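Ligands are counted one by one from 1 in listed order, and the atoms in each one are counted from 1 as well. Please read these numbers as outputs of a predicted model, since none were measured by experiment.
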Amino acid sequence: MTRQKIVLAYSGGLDTSILVRILSDDYGYDVIACHADVGEAKDKEYLAMRARKAGAIACEVVDAQDEFARDFCFPALQANALYQGVYPLSAALSRPLIARHLVAAARKHGATAVAHGATGKGNDQVRFDLAVKGLAPDLKIVAPQRERNISRDAALEYAKQHGIEVPATKKSPFSIDENLWGRSIEGGVLEDPDTEPPEEAFAWTKASKEAPDAPAYLTIGFEQGLPVSLDGKKVPPAQLITQVGKVAGDNGVGRIDLMEDRVVGIKSRETYECPASVALIAAHQDLERFTTLRQSLQTKAFLDQKYTELVYDGFWYSPLRHAIDAFNTEHAKTITGQVTLRFHKGSMRVVRRSSENGVYNHGLATYGTGDKFDHRAAEGFITLLGLSLHEFSRLHGGEEAP
Ligand code: ARG
C-alpha cells in the first residue's frame, strides 16, 4: 500500500523535528516539512537539511514576511487589534498564514493531511485547526503533541535515540514565539504572576533606564489607513514594521505583561514585547480619530473588539472577519496623513498629526480670535436636545434636593 502524504508545520525546533519522525514511523505518512518565515531570521538551508535528515521527503521553506505584513499585520492594524486591551495578536496572526502555506504545500504534493506541533493547552492548536477547516475542509488535521503530550525531556531522549539533529541554540529558560508583529516569552519564572520579568527575557526592547536620554521622534505617513512612509520616505510593509520596532524598542517601548484569558479557558501570565505594533496602532488610532466621524468611531470600536476576539480565537478564515475587513477598508478611505510619535525612556505619545482630511476646523474650535462658530445656534440646539428632559423634570419637580 502506498503511503499517504502529510504536510507538517515545521519550525525547526526540537518538537517539530521529532514530529517528522513520529509522523513517519508511528502514523505511517510520508512527511513534507513546511516552514513559513514570518520574521524569525532562521538559516533556511540548515532548516531544510535538518528536516530531510529527520526523515522528511521534502521541505518547503517560504519567505512570507511581506505577505505576513500586508495580509495579516495591516488588517489587524486597521482594526486597532489589541486583545484584552493590550496584546497586538502577534502569535495569533501568524498561524493562519502558516496554515495557508500548509494547505498550498498539501495541494502541491497531493497530501491528504496536515500536522502541527501545538499542545492541547494553548491557543495555537485552535488557530491551526480552525484555519485549516476554513481553508480546506477536506484535509485531515493531525496533532501528535496534543495526543501524546510529549515532555521536553522525552523529546530530547527521542531525538538522541533516532539521531535527530536538534538546533544548536543556546539554552534559553523561556519559550519564544516571534515574528514581525511581536515576540512572546513564556515559561520559567514568568509563570509566577507575582515575579517581575527578568531583563534577560527581553530581546527587542531596552529597559527604560538603558534607553537614550534624549527623546526620539518618528513621523509615520498613512494612505487610506495603511502605513506607507517613515519621516517622509516611502518604506515597504515588512521593512516599515521592522524600522518602527527598532526605534520604539531602543527607547524602551513595547513591553506588555498580561494576565490573559486563553480560548481553552486557562488564565495565563503572558509577557510580550511588541514595539512596532503598539507604536503603529497608537499612530493609526490617532489619525483615525482625526479624519473620521464619531458615529463611525463608535461603531468601529465595537467591531474592532469583535475582530480582535475573532482573530485571537482562530476564526481568521471566517465570513465575519471578511465582512469587518470590508467595513474597515471603506472606513479607511479618509485615513491619509502623518502622525508623529515621541518615544522617551519607555513612554510613547502622539505629539503631532496632519492630514488634508482632518475634520478639525480651527475656525470652529478656537477660543481665540478668528472664531467662526455661531454661538447663538447653540441655544436652539440645546432647547431641542433637552426638551424631553425639561418636560420630565417639570412634571416631577426636578432632582433638586428638598
Ligand atoms: N498567548 C499568546 C497567544 O495565544 C502567545 C502564544 C505563543 N505561542 C507559543 N507557541 N509559544 O497568542
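Taking the six-membered ring where tryptophan is involved, the planes of H116 and F128 are essentially parallel, since the angle between them stays under 30° and well short of 60°. The aromatic rings of W316 and Y307 sit perpendicular to each other, their planes meeting at more than 60°, with 30° as the lower class boundary.
Relative to the ring axis of Y312, R127 places its NZ or CZ within 45° and under 6.0 Å from the centre. Taking the ring centre of F68 as origin, the terminal cationic atom of R70 falls outside the region bounded by 6.0 Å and 45° from the ring axis.
Protein heavy atom at the shortest distance from atom 10 (N) of ligand 1 is D124 OD2, 2.9 Å. Shortest contact from atom 2 (C) of ligand 1 to any protein heavy atom: Y272 OH, 3.0 Å. Here the heavy atom of the protein found nearest to atom 6 (C) of ligand 1 is A91 CB, 3.9 Å. Annotation: atom 12 (O) of ligand 1 to nearest protein heavy atom, Y87 OH, 2.6 Å.
Residue contacts with ligand 1: N123 is placed with a nitrogen or oxygen under 3.5 Å of a nitrogen or oxygen of the ligand (distance criterion only). Here's the thing with S184: none of its N/O atoms is less than 3.5 angstrom from an N/O atom of ligand 1.
Among residue pairs with one or both ends in residues 199-209, those qualifying as salt bridge (Lys or Arg N to Asp or Glu O under 4.0 Å) are E199-R255; sequence neighbours excluded.
Counting heavy atoms of neighbouring residues, nucleotides and ligands inside a 6.0 Å radius, atom CZ of F392 does not exceed 12 of them.
Ligand-side atoms of ligand 1 in range of R127: 3 (C), 4 (O), 12 (O), range being under 4.0 angstrom from any heavy atom. Near E186, meaning under 4.0 Å from any of its heavy atoms, are these atoms of ligand 1: 7 (C), 9 (C), 11 (N).
Only the side chain of E260 comes within 4.0 Å of ligand 1, counting heavy atoms alone; its backbone N, CA, C and O stay farther away.
Distance check, rounded to the nearest 0.5 Å: CG of L218 to OG1 of T340 gives 8.0 Å.
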